[in-house]
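We count residues from 1, following the sequence as given.
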Amino acid sequence: MGNILKWFKRNDYVLIFSLLALLTYIVLFVSRSLDDNRLTSWQWAFTDINAVRVFFILIPGLISAYIFSRVKLIERYLAESRRVESQPTSLRPAVCLFVSSYIIAALFWREPEVIIDASRYFTQAKHLEIYGIGYFFREWGRDIMAWTDMPLVPFLYGLIFKFFGESRLYIQIFTTFFFSMTVVLTYMIGKTLWDEDTGLYGGMLLLGIPYLFVQVPLMLVDVPTMFFLTFAIFTFIMALKRGGSWIPLSSLAIFLAFYSKYSAWLMLSVLGVVFVVHLLSQSCQPQRKTNYFYKGSVTFLITAALIGIVFLYKHEVFLEQIRLLMSYQKPGLKRWGESFISTFFFQIHPFITAAALYSAYAALRKKDLRYLIILWLVLLIVLFQIKRIRYIIMVFPMLSLMASYGLVQIEKKEAARFISLCIVISSVVVGLFGYLPFMQKINAVNLKDAGRFLDSIEESNIEVFTLSLAEPVSNPSVSVPVLDYFTKKNIIYDYENISYQPFEKIEKSSLRFTWGYKNPEYYTGNKYSKENTAVVVISDDTNDALPEKLERQLSGYHLSMAFNSFEGIFRYRTSVRIYQPGRH
């Protein structure tokens with residue numbers, strides 16, 4: 001009995017934070033109506049989920065967190081590396097973070113493409129695959145619909161299609177690589193600015209954001225943009241500290257971040273903060289300040305030249321996109337926004353938010369000027385009231401470092417390790433047993449399942465028809481590229497039966513871009529023979545009546561499969577009917 005009491009006295013934090021972690025889950029579940037996230041709201045994700053089962057899964061998860069917190073392998077690796085002067089740091093923590101984050105994120109590859117924006121990026125990438133790199137640069141924003149997208153990420157997706165193959169698996173390998181590298185870069189930024197522990201916890205806590213897990217497998221630009229911005233921050237810090245080859249590398253990184261997403265422009269202001277903080281550092285001698293100023297100025301000049309060349313080449317497209325952003329996207333943020341309560345307490349583990357808030361007090365007490373570097377982006381989110389979580393994904397690494405800064409203030413390292421592991425395991429459990437099952441029930445799964453079925457049939461060509469109701473919420477034609485993404489068969493798309501909406505009805509719609517969709521030429525014409533062809537009909541519901549013309553065309557075909565899952569939440573619906581030649 002005495003030994004047990006001694007254990008509890010030494011490890012009281014285990015009991016306290018285990019109970020807090022379980023209580024946090026209960027509070028979030030009970031108050032889930034406060035979560036107004038537009039994709040993974042707890043009030044939707046946990047509607048058909050056995051919440052008690054998830055609770056009991058959390059318990060062994062927290063026990064494993066305690067076991068892992070007692071393993072000091074990473075500390076031993078760091079201690080060993082510090083003993084060797086020629087190797088002041090070890091790569092092992094970075095490798096560990098990369099591998100573990102990659103494995104966790106890969107568990108979510110089973111979800112469908114739940115955001116219809118993927119159709120734009122697929123279409124842009126496929127143009128590069130078919131017509132080449134030169135065509136992509138010439139026609140991006142002209143024949144290739146660009147909407148408000150920047151060209152970098154679709155260009156990279158197109159390179160994957162062209163040189164590796166048009167497969168979703170390759171895209172997911174790529175986006176997951178970006179995610180895991182962001183985890184590693186977060187670790188490296190924390191280590192460079194402060195110490196190993198700050199970096200390590202920062203990288204770990206990026207896995208404490210369950211919303212990120214469902215974003216990683218998607219063919220979107222948000223996760224790659226998060227990587228490019230984090231890469232730009234890290235390389236700029238290194239350019240100031242070390243100069244040399246880091247300067248052109250930093251210029252390239254900033255250039256890539258600039259052309260990854262428009263919202264990254266505001267976030268790149270953090271580089272100015274990095275620059276000023278290094279110049280104002282108390283330990284910075286006059287000669288070193290001069291070196292910082294020179295290195296930073298050269299980096300910015302090279303970056304400006306790179307950005308300017310591309311901007312001048314496509315200035316008409318960029319200016320039109322900026323006009324659309326200001327007239328449509330900016331005011332739209334107020335209509336499509338999500339509360340900070342949803343973002344910072346439901347979609348991000350509350351322990352991260354609490355630790356980040358405490359870190360501000362700790363940094364102020366220490367008068368740590370470097371803290372401004374990680375605070376700046378989160379401060380912008382609050383000051384500009386950016387309440388759309390997809391637009392602030394790129395800020396999450398800095399938020400994780402803020403929380404890490406708070407955790408390292410705990411004197412007992414075992415406690416800090418345990419809390420960080422509690423955050424990670426709790427978030428993974430919520431993601432795997434809450435978010436993922438919900439994602440697999442969203443209406444978008446119909447296209448994924450239909451693509452898988454099409455790959456199993458004999459017909460090599462697939463002719464697609466799209467239908468819509470009298471007043472559709474979106475243009476169903478944008479579902480064709482998503483279906484194409486999920487099947488290896490040849491797509492033919494020459495026919496649509498769509499009720500186009502007047503501009504005043506779609507002007508403020510979040511799906512307005514769908515009405516600008518232009519059927520790519522690679523789906524039309526006589527590229528594929530219509531012999532040995534199955535037919536796919538995409539509509540709102542499989543019970544929708546077929547137009548008379550289409551019914552005549554389907555004479556001699558039989559309905560072989562229908563996919564009509566509907567979660568009853570989102571207005572955008574896509575149901576699929578597949579017809580094959582011959583009769584039963």
Side-chain angles (χ1 to χ4, degrees), residues 182 185-195 198-199 202-203 205-206 225-243 246-247 249-258 260-285 288-304 307 356-357 359-386 391-406 408:
T182 305
L185 286 169
T186 304
Y187 156 72
M188 295 174 74
I189 290 172
K191 183 182 68 172
T192 303
L193 292 177
W194 291 285
D195 52 39
T198 305
L205 293 180
L206 201 55
T225 300
M226 178 177 68
F227 163 78
F228 286 121
L229 179 63
T230 311
F231 185 49
I233 295 170
F234 173 71
T235 54
F236 186 63
I237 292 172
M238 298 305 293
L240 292 178
K241 287 182 175 294
R242 299 186 181 179
W246 284 103
I247 291 176
L249 181 61
S250 177
S251 298
L252 177 61
I254 300 169
F255 167 79
L256 295 175
F258 186 90
S260 58
K261 193 173 183 179
Y262 274 105
S263 52
W265 291 12
L266 174 64
M267 305 307 171
L268 282 170
S269 63
V270 70
L271 301 179
V273 178
V274 173
F275 190 45
V276 171
V277 165
H278 279 76
L279 289 177
L280 297 180
S281 175
Q282 293 180 355
S283 61
C284 187
Q285 302 298 321
R288 182 174 292 181
K289 286 185 179 182
T290 303
N291 286 335
Y292 283 157
F293 185 81
Y294 169 76
K295 294 170 185 174
S297 299
V298 171
T299 302
F300 287 140
L301 285 173
I302 297 173
T303 303
I307 290 174
L357 290 172
S359 70
Y361 163 75
L364 183 63
R365 187 183 60 190
K366 292 181 175 183
K367 297 180 181 179
D368 189 346
L369 199 61
R370 292 167 297 179
Y371 183 80
L372 288 175
I373 295 172
I374 59 175
L375 174 65
W376 180 254
L377 295 183
V378 178
L379 200 59
L380 289 179
I381 300 305
V382 176
L383 290 177
F384 286 94
Q385 292 289 291
I386 305 174
Y391 293 159
I392 66 172
I393 283 177
M394 66 189 81
V395 174
F396 289 166
M398 298 301 105
L399 177 67
S400 298
L401 284 171
M402 285 177 62
S404 174
Y405 191 97
V408 295

Side-chain heavy atoms of [X] within contact of [Y], under 4.5 Å:
X	Y	result
Phe234	Tyr187	no
Lys289	Phe293	no
Leu380	Leu377	yes
Met394	Leu268	no
Thr182	Thr186	yes
Phe258	Phe228	no
Ser281	Leu369	no
Leu185	Pro397	no

Q: Go through the steps for Thr225 and Ile393 under the test side-chain contact (heavy atoms from CB on, under 4.5 Å), then give the verdict.
A: CA-CA 9 Å; Thr225 300; Ile393 283 177; over 6 Å; no
Nearest 0.5 Å please: distance from the [atom1] atom of [X] over to the [atom2] atom of [Y].
X	Y	atom1	atom2	result
Leu379	Ile374	CG	CD1	12.0 Å
Lys241	Lys295	NZ	NZ	9.5 Å
Thr299	Ile254	OG1	CD1	6.5 Å
Ser250	Ile302	OG	CD1	9.0 Å

Q. Mind checking whether Tyr371 and Trp194 have ring centres under 6.0 Å apart?
A.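 No; Trp194 has its ring centre 6.0 Å or more from that of Tyr371.
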Q. Do the ring centers of Phe300 and Phe236 come within less than 6.0 Å of each other?
A.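 Under 6.0 Å, so yes.
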Q. Do any N or O atoms from the side chain of Thr198 and from the backbone of Ser404 form a donor-acceptor pair under 3.5 angstrom?
A.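 No, the answer is negative, given that no donor and acceptor are paired below the 3.5 Å cut-off.
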**Q.** Steps toward side-chain contact (heavy atoms from CB on, under 4.5 Å) verdict (Ile386, Leu266)
**A.** CA-CA 11 Å; Ile386 305 174; Leu266 174 64; 4.1 Å; yes
Q: Please say whether more than 12 non-hydrogen atoms of neighbouring residues, nucleotides or ligands are located less than 6.0 Å from CH2 in Trp376.
A: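 Not buried by this count: 12 neighbours or fewer within 6.0 Å.
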**Q.** Working for side-chain contact (heavy atoms from CB on, under 4.5 Å), residues Met267 and Ile381
**A.** CA-CA 9 Å; Met267 305 307 171; Ile381 300 305; 3.7 Å; yes
